[in-house]
Amino acid sequence: MTINLTMLGQMISFVLFVLFCMKYVWPPLTAVMRERQKALADGLDKAAQAEKQLEAANDSAAQELEAAKRQSADLIAQAHQRATQIVEDAKALAVDEVSRIKQGAQAEIDHEVNRAREGLRARVGELAVEGAQRILESEVSPAAHQEMLNKLAAQL
Amino acid sequence: MAGEIQTSGDYIKHHLTNLTYGQLPDGTWGFAHTVEEVSAMGFMAIHVDTMFWSISLGMLFLLIFITASRSATAGVPGGLQNFCEMVVEFVEENIRQVFGTRPNAIIGPLSLTVLVWVFLMSMMDLVPVDLIPFFAHMAGVEYFKVVATTDPNATLGMSIGVFFLVLYYNVKIKGPIKFGAGLFTHPIPHWSLYWFNFILEVVDLIAKPLSHGLRLFGNMYAGEMIFILIALLPFYAQWALSLPWAIFHILIISLQAFVFMILTIVYLTQAHGSEDH
């Protein structure tokens, strides 16, 4: 338990060890640790940013989807409208056609009726004369009664 | 253990004597062969075993940490680098809490060296007390103390080294005039009590390195002493005491290394702060 030169020797070796540690141990190790810390912090920052971007992307995707849905709904509504329109147009066209055909038919019927009437009219004198002959049992000259017959036919 | 040692008192004394190189009574230089010769050598002698173990273990510390820092990478660290970074981080954390974040190039490496070196030197306590002295005896070396921190020369050498650094920073940060004036004006700022302040401050200043070094020495010396006392028991009974004591001692050496480092940081912090004491 004596104090002697050992103390001095210990002091010198202590100083030397600290100097070596200062030069070769502490700076590289702490530098590497700082670097890793920085890399980790950067990585975490980037992850947070990516998360934010993902969120934004999700939001915009949802918006796009919503817009697309709305657009498709519009399109369907438009298509419905158009289909109804087409049906309506077709109906109107058909009604037109029908009335046109009906008019044609009517005209034809009228025409036929007129013709029959004309035929009848042409033959009414003859029939009347024949009827009268049967009634009178005598010859009636169509020429003699032409005027009366024409009057009769005009009444038809 | 050795043949010429008979009584347990001799055994203990033998184990607590350093391998000392100095001037022998006949005027020649050489190793002391008896305890009397050691004390006769006085100041101009050196404990070769203390120096051997402290320098070897200091080299071991540098070897481990320089190996780790040579191949240090900021990527995924290997086992050794991981371990060294863990120690460095522990030291840095303590410095940050006590010393703050003031830029200082020396406090980090100083604290790291103190922590690991003191731990390694104290750890030699866990080697069975007779093992290395037994081989040393076979090699012809009479005295061989293994635990450098049980030598007050080693612990005081370190604490006085820290003390010089404390003085340096006191002068550097506060300036020689303010530091000198602080010795007179400190606890009681009244001119009539300046002489009293000076005595108090000088005692305070000198007590720091003394208590710093002797605290570590006292703890390690007591632990070593108990190992030696346990070694006096019959060989079949030793394990019952030496094992629990060794396990407990693992805690003590870690704690003492930590305390030595923390006190180093605290003293340097005090040297930096101008007001707080």
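Quick note on labels: first sequence line is chain A, next is B, and so on, each numbered from 1.
Shown here is B:Arg70, whose CZ atom has no more than 12 heavy atoms of other residues, nucleotides or ligands within 6.0 Å. When the shell of 6.0 Å around CD of A:Glu55 is examined, it contains 12 or fewer heavy atoms from other residues, nucleotides or ligands.
With a 4.5 angstrom heavy-atom cutoff, B:Val48 does not touch chain A via any of its atoms. For a residue to count as touching a neighbouring chain, one of its non-hydrogen atoms must lie under 4.5 Å from one of that chain's; by this rule B:Leu165 does not touch chain A. Contact annotation for A:Val15: neither backbone nor side-chain heavy atoms come within less than 4.5 Å of a heavy atom of chain B. Proximity to chain A is limited to the side chain of B:Phe164, based on heavy atoms less than 4.5 angstrom apart.
Judged purely by distance below 3.5 Å, without hydrogens or angles, the side chains of B:Asn153 and A:Gln10 never pair a donor atom with an acceptor atom.
Per-residue counts of heavy-atom pairs under 4.5 Å with chain A were compared for B:Ile55, B:Thr50, B:Val162; the largest is that of B:Ile55. Comparing B:Thr155, B:Leu62, B:Val91 by heavy-atom pairs within less than 4.5 Å of chain A, the highest count is held by B:Leu62. By number of non-hydrogen pairs under 4.5 angstrom with chain A, the leading residue of B:Gly108, B:Ala105, B:Ser54 is B:Gly108. Chain B forms the most heavy-atom pairs under 4.5 Å with one residue out of A:Lys38, A:Glu35, A:Gln37, and that residue is A:Glu35.
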Derivation of the salt bridge (charged side-chain N to carboxylate O under 4.0 Å, His left out) call for A:Arg36 and B:Glu85: CA-CA 11 Å; A:Arg36 189 180 307 113; B:Glu85 282 187 9; 2.6 Å; yes

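Interface with chain B: from residues 69-91 of chain A, no residue qualifies, criterion being any non-hydrogen pair under 4.5 Å.
Nearest heavy atoms, B:Asp151 versus B:Phe217: C-CD1, 4.0 Å. Across all non-hydrogen atoms, the minimal contact from A:Cys21 to B:Pro109 is SG-O, 3.6 Å.
The aromatic ring centroids of B:Phe90 and B:Phe258 lie less than 6.0 Å from each other.
Checked for salt-bridge contact, B:Arg96 and B:Glu89 miss the test: no charged N lies under 4.0 Å from a carboxylate O.
With sequence neighbours excluded, the residues that form a side chain to side chain donor-acceptor pair (under 3.5 Å) with A:Thr6 are A:Asn4.
For the pair B:Leu229 and B:Ile12, the minimum side-chain heavy-atom distance is below 4.5 Å.
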